[in-house]
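For reference, the structure is listed below as structure tokens.
Computed from heavy atoms alone, side chains included, the values below leave out hydrogens, waters and symmetry copies. The structure displayed is predicted, hence computed values, not measured ones.
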Amino acid sequence: MNETVPHRDFVRQIVEDDLGSGKWKGKVQTRFPPEPNGYLHIGHAKSICLNFGIAQEYNGLCNLRFDDTNPEKEDTEYVDSIREDVRWLGFDWEDRQYFASDYFDQLYEWAEELIRRGHAYVCSLPPEQISAGRGTATQPGTNSPWRDRSVDENLDLFRRMKAGEFADGAHVLRAKIDMAHPHMLMRDPIMYRIRHAEHHRTGDRWCIYPTYDYAHGQSDSIEGITHSICTLEFENHRPLYDWYCSALGIHHPQQIEFNRLNLTYTVMSKRRLLELVQAGHVNGWDDPRMPSICGLRRRGYTPEAIRAFCRAAGVTKNNATIDIGVLENHLREDLNRRAERRMAVLDPIRVVITNYPEDQTDELEAINNPEDPSAGSRMVPFSRELWIEREDFHEDPPKKFFRLAPGREVRLRWAYFITCHDFVRDEAGNVTEIHCTYDPATRGGDAPDGRKVKATLHWVSARHAVNAEVRLYDHLFFREHPDQVEEPDQDWKSGLNPDSLKVVSQAQLEPALGTARQGDLIQFERLGYFCVDPDSSTQQLVFNRTVTLKDQWAKARTKD
RNA sequence: UACCCGAUGGUGUAAUUGGCAACACAACAGAUUUUGGUUCUGUUAUUCCAGGUUCGAGUCCUGGUCGGGUAACCA
């Protein structure tokens, strides 16, 4: 593969072609245009990476623009969260933060202009009749009885709409295009509707609001956007986008549509995510199981991993659903080289080193990150009584299980070889304690005689252990494609995974983890990557499992 | 149904724009390893169908099939 010629997706190819032909005089101007009516999710991250990425790569600029033309759904709460998320992802709009509502005056003037030129009219039909008059896919619509009002009457009515003389829904302003157009969207689409609603920025200054179609292209135009990049579902709107720009004779950006991101084992639409939050299936938008940016952040995802994933996901016009494992692998790749290693036991069982003195303590050196020598090392205390992971011991080991079992010798990481010679059971038959001897000559974890062990276990000294709550997350849905339900009467929520959150309340951690802080990237050896949750306090440490390590043994086990 | 769009291994993307179908992930096998992690090596597997143009088609043309989007006074 030729690495000097990186792959360019079709959007970047258009940008490069335009740069080559001088179409926009060497300028590249994009924008990320969220509606402030919800939180951003990983699908938006793809759009953010595309728009800001293209601007960076081609020496252009990318604006942040809030598409706030629907006062009933929008709120500054969302504006703030969107700003935070875009910045956290690593992008900077500098001083170019705009709002579609900044353009309401200009948009209004252009509407009057279209009325004067006979391209728009006030329609006084009730909503149901407008909808009925639009016809169907196979039948043309019928002209509104108000379609041929005079320019003066239209102007008068439109101004009175603006002045607040009419109730919501009494009139709308429509573009006069063609009620028989094969494309339904072109059958005299609505430009303005009356809404006596408080807007999060313009307050009660306006009671008429432009629709998306009437506002979006013109907002792009005002900002001098060259490439207006949006998702596939707006492909149908492009003729209208083009119609308004040409009718107005204004700067006319090129709208380019790409495929939105879908992931297996989750849902992605704002509507559905909101439903999960409101129905209490998750604990808010930043629940670590959510594919929202704030959820991923709380889960312990890094911006680097998300950006790398978005790059790898690709940009095409195919309906693509990416295996969520790809996202997780990009995260592991990033965390593997950055996270310091620590030892933690989530499901502890006691090990007694019978030949180790009761009151003795040993300090052993442990490497912090084998991938990064500069991360240094730390000391880990060792004593007679230890915790190891319950699943690391089997009194009757299955095939290919090479961890601890009666008569078996294994290594305790950075410590000693130990051999199991006995174990204790309670009345119910559960193993409660494992008795081992250690070999003092193997201090540090190497046998001078060169003998090998097949397993290395993580462990924590019982006397020195720190307590913590650890939250283990799994996929939000147990169905790979939540929409593909088994019974016809089921809906997507029937695939919600009841085990997507498991709380371990008594995890035992090595003492060095007692000082872990939010933002630390940590690997619990052999278990996965973890981060400190905001719920954590000095009284009660709380960790989230960000992602497990790959686990061949677990895989082999589930196969049987 | 009408309009619009798409179709390349299991998944996601490439193919110098008409010239040896490749990359990543997954799966499988092996090597290395003080994490059953990491790393390394290897294996399996791909152009929706039918015609046409051409010396040559994943790419161009025609017809079909399948999939998706839209059909709010949401964006």
Does [X] reach a base, just sugar-phosphate, or nothing at all? Heavy atoms under 4.0 Å.
{"X": "A:Phe402", "result": "base"}
{"X": "A:Glu257", "result": "nothing"}
{"X": "A:Val453", "result": "nothing"}

Would you mind pulling out the nucleotide paired to [N], Watson-Crick or G-U wobble, both distances under 3.5 Å?
{"N": "B:A15", "value": "none"}
{"N": "B:U70", "value": "B:A2"}
{"N": "B:U32", "value": "none"}
{"N": "B:A50", "value": "B:U62"}
{"N": "B:C25", "value": "B:G10"}
{"N": "B:G37", "value": "none"}
{"N": "B:A45", "value": "none"}

Would you mind telling me which of B:U35, B:A75, B:A7 lies closest to the side-chain atoms of A:Arg341?
->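 It is B:U35.
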Indicate, yes or no, whether a donor-acceptor pair under 3.5 Å links the base of [N] to the side chain of [X].
{"X": "A:Glu371", "N": "B:G37", "result": "yes"}
{"X": "A:Asn319", "N": "B:G6", "result": "no"}
{"X": "A:Glu235", "N": "B:U70", "result": "no"}
{"X": "A:His330", "N": "B:A24", "result": "no"}

Compute whether any side-chain donor of one residue and acceptor of the other, for [X] and [Y], lie under 3.5 angstrom apart.
{"X": "A:Asn319", "Y": "A:Arg260", "answer": "no"}
{"X": "A:Ser219", "Y": "A:Arg31", "answer": "no"}
{"X": "A:Tyr241", "Y": "A:Gln254", "answer": "no"}

Assign the ring pair A:Tyr98 / A:Tyr103 to parallel, tilted or perpendicular, where the plane angle (0 to 90°) is split at 30° and 60°.
-> tilted
Name the orientation class of the two ring planes belonging to A:Phe530 and A:Phe524 (parallel below 30°, tilted from 30 to 60°, perpendicular beyond 60°).
-> parallel
So, does A:Thr202 use its side chain to make a donor-acceptor pair with the main chain of A:His199 at under 3.5 Å?
-> no
5' priority, RNA chain B, between A:Leu125 and A:Phe524 [closest heavy atom] |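 Of the two residues, A:Phe524 wins.
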Taking for each residue the nucleotide of RNA chain B bearing the nearest heavy atom, is the 5' side occupied by A:Tyr192 or by A:Phe10?
->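 The residue mapped nearer the 5' terminus is A:Phe10.
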Taking OP1 and OP2 of [N], is either one under 4.0 Å from a side-chain nitrogen or oxygen of [X]?
{"X": "A:Thr316", "N": "B:U13", "result": "yes"}
{"X": "A:Arg193", "N": "B:C74", "result": "yes"}
{"X": "A:Thr69", "N": "B:A75", "result": "yes"}

Please report, rounded to the nearest Å, how far the [atom2] atom of [N] is from the [atom1] atom of [X].
{"X": "A:Phe258", "N": "B:G68", "atom1": "CZ", "atom2": "P", "value": "20 Å"}
{"X": "A:His237", "N": "B:A75", "atom1": "NE2", "atom2": "P", "value": "10 Å"}
{"X": "A:His183", "N": "B:U1", "atom1": "NE2", "atom2": "P", "value": "18 Å"}
{"X": "A:Arg8", "N": "B:U16", "atom1": "CZ", "atom2": "P", "value": "14 Å"}
{"X": "A:Tyr529", "N": "B:U38", "atom1": "OH", "atom2": "P", "value": "8 Å"}
{"X": "A:Arg526", "N": "B:U38", "atom1": "CZ", "atom2": "C1'", "value": "15 Å"}

